[in-house]
Number of protein chains: 2
Amino acid sequence: MPDAELLRLDHQVCFSLHAASRAFGGVYRDALKDLGLTYPQYLVMLVLWEHGPRPVKAIGEQLRLDSGTLSPLLKRLESAGLVRRERSTQDERSVTIHLTPAGDELRTQALPVPRRMLAATGLTIEELRTLQGLLARVTSSLDEA
Amino acid sequence: MPDAELLRLDHQVCFSLHAASRAFGGVYRDALKDLGLTYPQYLVMLVLWEHGPRPVKAIGEQLRLDSGTLSPLLKRLESAGLVRRERSTQDERSVTIHLTPAGDELRTQALPVPRRMLAATGLTIEELRTLQGLLARVTSSLDEA
DNA sequence: CGCAACTAAGTTGCGCACAATTAAATAACC
DNA sequence: GGTTATTTAATTGTGCGCAACTTAGTTGCG
């Protein structure tokens, strides 16, 4: 395939991913408005709801976010009263993030969000899983490059 | 499927898309470093290389970007000497973006980028097209919601 | 004509993503 | 034990994405 044609295809593919990511973001924005959360903040809360208290480093590894993104984000969650920072006594470099009662309680309000998102995508659960698998595969390939 | 399980799936899916989008961005960042372009700037240049001079509005519609994003981005491309703004004489509200000779010439340097990206994804061209189709379908569903 | 409604682009403000740097604590090593 | 290297967060600076608003030009309607 000639370079020029590949350039056009690249246009299509990278744009599609970009657009899909932002379209998801937009619908999440609506769905999360009532909870007072942004999409990345929701991702952090999902981690905490599922796994309980975790150091910043662990959250960062799970979400592929560095401290440059997480530090201010967590500060906002803290001032919203949803999480609490606690510096570890064993290793004082480490800061563990805990849910406050309010943060824990927000999980109840978040429960209907995924169903709403699922409906918005227009895909079945199986298709969603397929998409997820494909994306995970691409991501791991890209990480090696 | 119970809400709690859906919440976990949501975690997986929305995270996958988020992660894939950022993984793509990271590899593009490397591939475009030599061209001095960011990923969104590259998208704008792709549009101009393919279609020629276009008003800001048309670029925005094609890339789903509003003037809040495009105005400063185009200003940076202009100060990099790659594009030129020209206010329309028929409708003085409209500004048409033209490639400068330098901007046009950059296309030559950009030609090998897609092949490099394709290799980095680890997908075949057919798989890429499939992924693109799936994403486009999701995006259009999300747009209606 | 004159005025209201609309449209295109730009501006401002906030949050995220990421590179680069800094500060403090811990680990490793001679 | 003391020096060096590594690790964990935080900070700074740049750019994107988007909502809300502003400015200037155009259109439509009485």
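Lettering follows sequence order; numbering is per chain, from 1. Side chains are part of it too, since the values below use all heavy atoms of this structure and drop only hydrogens, waters and symmetry mates.
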### Message
Can you tell me whether the side chain of Ser71(A) and the base of dA9(D) have a donor-acceptor pair closer than 3.5 Å?
### Response
no

### Task
Please state how far atom CG in Asp66(A) lies from atom C1' in dT7(D), giving the value in whole angstrom units.
15 Å

### Task
Determine: side-chain N/O of Arg85(B) to OP1/OP2 of dG10(C), distance under 4.0 Å, yes or no.
yes

### Task
Please state whether the phosphate of dT8(D), meaning OP1 or OP2, lies under 4.0 angstrom from any side-chain nitrogen or oxygen of Arg54(A).
no

### Message
Students often mix this up, so state it plainly: with edges at 30° and 60°, are the rings of Tyr42(B) and Trp49(B) parallel, tilted or perpendicular?
### Response
perpendicular

### Among dA19(C), dA17(C), dA9(D), the nucleotide that comes nearest once only the side chain of Leu65(A) is considered
dA17(C)

### Message
Within the 4.0 Å heavy-atom criterion, would you say Thr38(A) contacts the bases, only the backbone, or no part of the nucleic acid?
### Response
sugar-phosphate

### Query
Looking at Lys75(A), does any N or O in its side chain come under 4.0 Å of the phosphate oxygens OP1/OP2 on dT11(D)?
yes

#### Entry: DNA chain C contacts among residues 92-99 of chain A, heavy-atom distance under 4.0 Å
Glu92(A), Arg93(A)

### Message
Please classify the nucleic acid contact of Leu70(B) as base, sugar-phosphate, or nothing, using heavy-atom distances under 4.0 Å.
### Response
nothing

### Summary
Across every strand shown, the nucleotide meeting Watson-Crick or G-U wobble geometry with dG30(D) (both distances under 3.5 Å) is dC1(C)

### Query
What is the distance, rounded to the nearest whole Å, between atom CD of Gln90(B) and atom P of dG25(D)?
15 Å

### Listed nucleotide nearest any side-chain atom of Thr69(A), set dC18(D), dA9(D), dC18(C)
dC18(C)

